[in-house]
Student: 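Before we start, here is the structure in question, set down as C-alpha cells.
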Amino acid sequence: MTTNEKSDFIREIIDEDLKTNKFEGRVHTRFPPEPNGYLHIGHAKSIRLNYEIAKDYQGKFNLRFDDTNPEKEEQEYVDSIIEDVKWLGGDFEDRLFYASDYFEQMYEFAVALIKKGKAYVCDLSADEIRSTRGTLTEPGTESPYRNRIVEENLILFEQMRKGNIPDGTKTLRAKIDMASPNINLRDPIMYRIVHEGHHRQGDKWCVYPTYDWAHGIEDSIEGITHSICTLEFENHRPLYDWYINELGIYHPQQIEFARLNITYTMLSKRRLLQLVQEHHVSGWDDPRMPTIVGFRRRGYTAESIKMFCDKIGVSKKDSIIDVAMLEWSIREDLNKNAQRAMAVLNPVKVIITNYPENKVEELPAVNNPEDESAGTRIVPFGRELFIEQDDFREVPPPKYYRLSPGTEVRLRYAYIIKCAKVIKDAQGNIIEIHCIYDPETKSGLPTANRKVKATIHWVSAHDAVNAEVRLYDRLFIKEDPDEVEEGKDFLSNLNPNSLQVLTHCKVEPMLGAAAPGDRFQFERVGYFCTDAKDSKPGAPVFNRIVTLKDTWAKIVQQGKK
RNA sequence: UGGGGUGUAGCCAAGCGGUAAGGCAGCGGCCUUUGGAGCCGCCACUCCCAGGUUCGAAUCCUGGCACCCCAGCCA
C-alpha cells in the first residue's frame, strides 16, 4: 500500500464490494441533511467523507434533503445548507434531491406493503403505543388493530391521506414482531398524520413518512450504493433492510461511523438552536458557533476544515477530538497563505526622542515569509509610534525579552531602540515611553545585524488606522459542555469571556482598506479576518480566528504553577 | 436485566499471526529581524483484563470488565 492511499473501514467495505461486484462496480454516496438547522462541523465530517469516497472511486455524490417532518423544517435552512455544502467542496453537480419529491412513490410502496399484509392502520394513541411497546427487557403487546383486513387498511390509509382524520389518532404501522429484542422492529410507525404546510409540498400532504420508512426508499430510488450514517442508526439497519427486502427494491448498504465530537464544543443541533433562540450568541453565524457559517465568518478557510476532516480519520469508536487539532488546521493553512500585517491591539505611545520631528520613512515589509511571491509592501515610520502594552514592562519578569527601561529591542522592519524614560500620569499609568534609536541599525543596512533579544511590532502614530478587534475564545469552559452539576444545564458552562471587544486598536494603513473576509496574520499576535457584516472601509472590524502559538504565554503559565 | 456497538499513548489513528506507522498535544535542543514558521530529538518492552492455541498473538479461541446507543407519531 502506498503511503498516500487512504484506508479506513468504510473503504475496506467498498473495496470488497468492488471485488465481488456487489454494485456492478459503482460507488454512489449521498449527504442527507434534514433542513431543520444550520450545518455544523460534524456535518462537515460527513460531507467530506461521502464526497471524498465518491471522488476517489470515480463515483457520484448526491445532496438530498431528508425533508419528511414539516414541523421543524424551513426553506432558510435549505438555502444555507446548499451554500455550506458547496463551500466545503461537496460537489453534487446536478444531483440535488428532496425526499419530499418521493412522497407519491413512498405512498404507493406503503399501499403495496398493506396489500402484502405487512402493514396496518393502527388507532392507538401515542401514549397507548408507548405503553404497548414493552421495555428493553420485556416484549411489547400486539395492537388490537394489528389484524385488520387488507381492504379496511387500504380504505383507512386513503382517508388518512385525504386529510379527514385528525392528527395523532391513526398511524400506519409495519407488521413485524412485537417481541423483537430490537425495539425498532416492534411494529414501527411508517406514517403519521400531520396537518402542517410543508416548505416544498405546501398542503398537498397530511400524512408524512417516518425516517426509517423513508430513508431506505430514498437511497434505493437514487441508486445509492453505500448509505453512510452515524452510529446511532446501527440499531435501525435491520429495519432499513426489512423495508427494502419486503418491497423487493434495489438494496443499498448502510454503513455507520462515529459522529464527531470536539472538546469545549457543542455539536447538538437542538442546543445550537437554543443558543441562537435565547440570544446567547448573535446568530447561527456568530463567530463562536461551530456552525459552518460561524467558522466562515470567524475566518476559517474551507481548506483548513477539509484538512481537519482528513486528519481526524473515521472509525466506529466514540471519540472526542482535541480542539487543538482544529486550531492546528487553520494555523497550518494561514501560516502558508495569510498576508502579514502589523496591528497594535492595546496601544501605548512610544516617542523616539532623537528621531527628527517631521520625518517619515517608508519601509519595506515582507508580506509573507513563507511565500516569496507575495512580495513586499510599504509601512510608514515616524517619531511617534504605538506599541503593544504587553511589549513593555517597567519591571521585567525573568526571561522577559521585550522592552523595559534600559533594554533594547528591534522594531520590526525598522530600527533598534532603547528605552530611556517612562512618562506616567497622575494615577501612575504609563502614557508615553521615551526611546532613542540607533540609525545604524535600520533594517537592510549592513550595520543592522546587531543581535537583540526581541523584535516587536509597531504602528506609526501619524498614519495608524483605528480599528475594532474582536477576540474570540472558546464558547464553553468545560471540555464536555454537558458535564454539569445537578439541576444545571449546559448553559452554565458558557464561557463569560468568549468575546472581548477592543475598540481602540491601531493598525497599519494597508489594513484600513481590507475587504470583507480578508485574512491576515497580525504579526506576533494571531490570525484575523475582516468581519463580513460589520467592517467598513476606513473603520475596519477584525475577528480573531486563532492566536499564534505563544511560547511566552507558556513560560508565564509555567511560572504560575 | 434484552438487543446492537466499541476498547491500541493525554487526544485521534494505522495495524488484518512474524515482534506497535503517522498526526495533534507535550518535553528537550538548533535556528530565527514574528517568543511565529522551520529543523532535529524524546514521548506504548506493550495493545481493557484473565486464561488458552501457536515456534511466535494487538491480531485467533474462551471467559470477564468498562464505555456508548435503543423504549419519538424526531432524524
Side-chain angles (χ1 to χ4, degrees), chain A residues 1 3 7-8 12 32-34 36 66 68-69 71-72 122 124-126 129-131 133-140 167-173 180-186 188-194 207-208 210-212 214-215 229-238 256 258 263 269-270 310-329 331 335-336 340 342 366 369-370 399-402 409-414 416 441 443-444 448-457 479 521-526 547-555:
Chain A
M1 191 184 293
T3 48
S7 169
D8 56 60
E12 279 177 19
E34 183 190 13
N36 67 344
D66 203 5
T68 58
N69 183 359
E71 293 176 323
K72 293 183 176 176
C122 181
L124 257 26
S125 69
I129 287 179
R130 190 184 320 117
S131 60
R133 189 154 27 221
T135 67
L136 294 179
T137 53
E138 298 158 323
D167 288 11
T169 57
K170 280 182 172 45
T171 56
L172 184 72
R173 292 227 258 168
S180 173
N182 182 339
I183 292 178
N184 295 126
L185 263 19
R186 318 239 263 228
I189 285 160
M190 295 164 60
Y191 279 93
R192 71 275 201 180
I193 301 170
V194 183
V207 286
Y208 286 90
T210 53
Y211 169 86
D212 289 305
H215 207 85
C229 61
T230 45
L231 246 30
E232 65 269 28
F233 292 105
E234 208 152 21
N235 296 328
H236 295 244
R237 193 172 61 228
E256 310 83 12
T263 56
K269 255 180 164 182
R270 213 199 110 252
D310 281 349
K311 285 284 173 196
I312 59 177
V314 54
S315 74
K316 298 191 69 156
K317 190 173 95 172
D318 281 311
S319 60
I320 304 171
I321 305 291
D322 191 331
V323 71
M325 196 83 96
L326 229 194
E327 294 175 347
W328 171 84
S329 304
R331 286 191 187 111
N335 173 51
K336 294 190 177 78
R340 310 290 131 123
M342 290 201 284
V366 172
E370 305 292 316
K399 293 185 185 167
Y400 186 83
Y401 300 161
R402 283 111 94 152
V409 293
R410 172 172 292 282
L411 294 173
R412 177 130 243 229
Y413 303 123
I416 290 174
T441 60
S443 285
N449 292 327
R450 178 144 55 90
K451 295 283 181 226
V452 286
K453 278 276 186 88
T455 297
I456 65 172
H457 58 99
E479 270 197 29
Q521 183 198 98
F522 290 175
E523 292 205 44
R524 301 207 308 129
V525 180
T547 61
L548 244 32
K549 275 209 268 181
D550 189 347
T551 306
W552 170 242
K554 203 170 281 180
I555 292 166

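Every chain is numbered from 1 and lettered A, B, ... according to where its sequence line falls, protein lines coming before strand lines.
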Student: If the sugar-phosphate is the primed atoms plus P, OP1 and OP2 and the base is the rest, what is the B/S/- string for nucleotides 70-75 of chain B, using protein heavy atoms under 4.0 Å?
Tutor: BBSBSB
Student: Does A:Ser7 make a side-chain N or O approach to OP1 or OP2 of B:rG15 shorter than 4.0 Å?
Tutor: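 Yes.
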Student: Is it the case that the side chain of A:Asn182 and the backbone of A:Asn235 share a donor-acceptor pair, with hydrogens and angles ignored and the cut-off at 3.5 Å?
Tutor: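 Yes, A:Asn182 side chain to A:Asn235 backbone: donor-acceptor pair under 3.5 Å.
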Student: Checking only heavy atoms, does the side chain of A:Arg524 share a donor-acceptor pair with the base of B:rU34 at less than 3.5 Å?
Tutor: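 No such pair is found, so the answer is no.
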Student: Are OP1 or OP2 of B:rG38 and a side-chain N or O of A:Lys336 less than 4.0 angstrom apart?
Tutor: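 The answer is no; no side-chain N or O of A:Lys336 sits under 4.0 Å from OP1 or OP2.
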Student: Using the C1' atom in both, what is the distance from B:rU19 to B:rU54, to the nearest Å?
Tutor: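 Result for the C1' pair: 14 Å, nearest Å.
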Student: Is there a donor N/O on one and an acceptor N/O on the other, under 3.5 Å, for the side chain of A:Ser443 and the base of B:rU33?
Tutor: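 Counting by modelled atom types and ignoring angles, a donor-acceptor contact under 3.5 Å is found here.
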Student: Quick test: give all pairs of protein nitrogen or oxygen and nucleotides 6-9 of chain B nitrogen or oxygen below 3.5 Å, distance rounded to 0.1 Å.
Tutor:
from: B:rU8; atom 1: OP2; to: A:Lys317; atom 2: NZ; distance (Å): 2.7

Student: So which nucleotide from B:rG35, B:rC12, B:rA37 ends up closest to the side chain of A:Trp552?
Tutor: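 The listed nucleotide nearest to A:Trp552's side chain is B:rG35.
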Student: What is the distance, to the nearest angstrom, from the NZ atom on A:Lys453 to the P atom on B:rG35?
Tutor: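 Answer to the nearest Å: 13 Å.
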Student: Please report, rounded to the nearest Å, how far the P atom of B:rG15 is from the CG atom of A:Asp8.
Tutor: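 Roughly 9 Å, once rounded to whole Å.
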Student: Just checking A:Lys451: base, sugar-phosphate only, or nothing, at a heavy-atom cut-off of under 4.0 Å?
Tutor: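 Sugar-phosphate, no base atom in range.
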Student: Touch check for A:Thr263, heavy atoms < 4.0 angstrom, all strands: base, sugar-phosphate only, or nothing?
Tutor: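 The residue A:Thr263 makes no contact with any strand.
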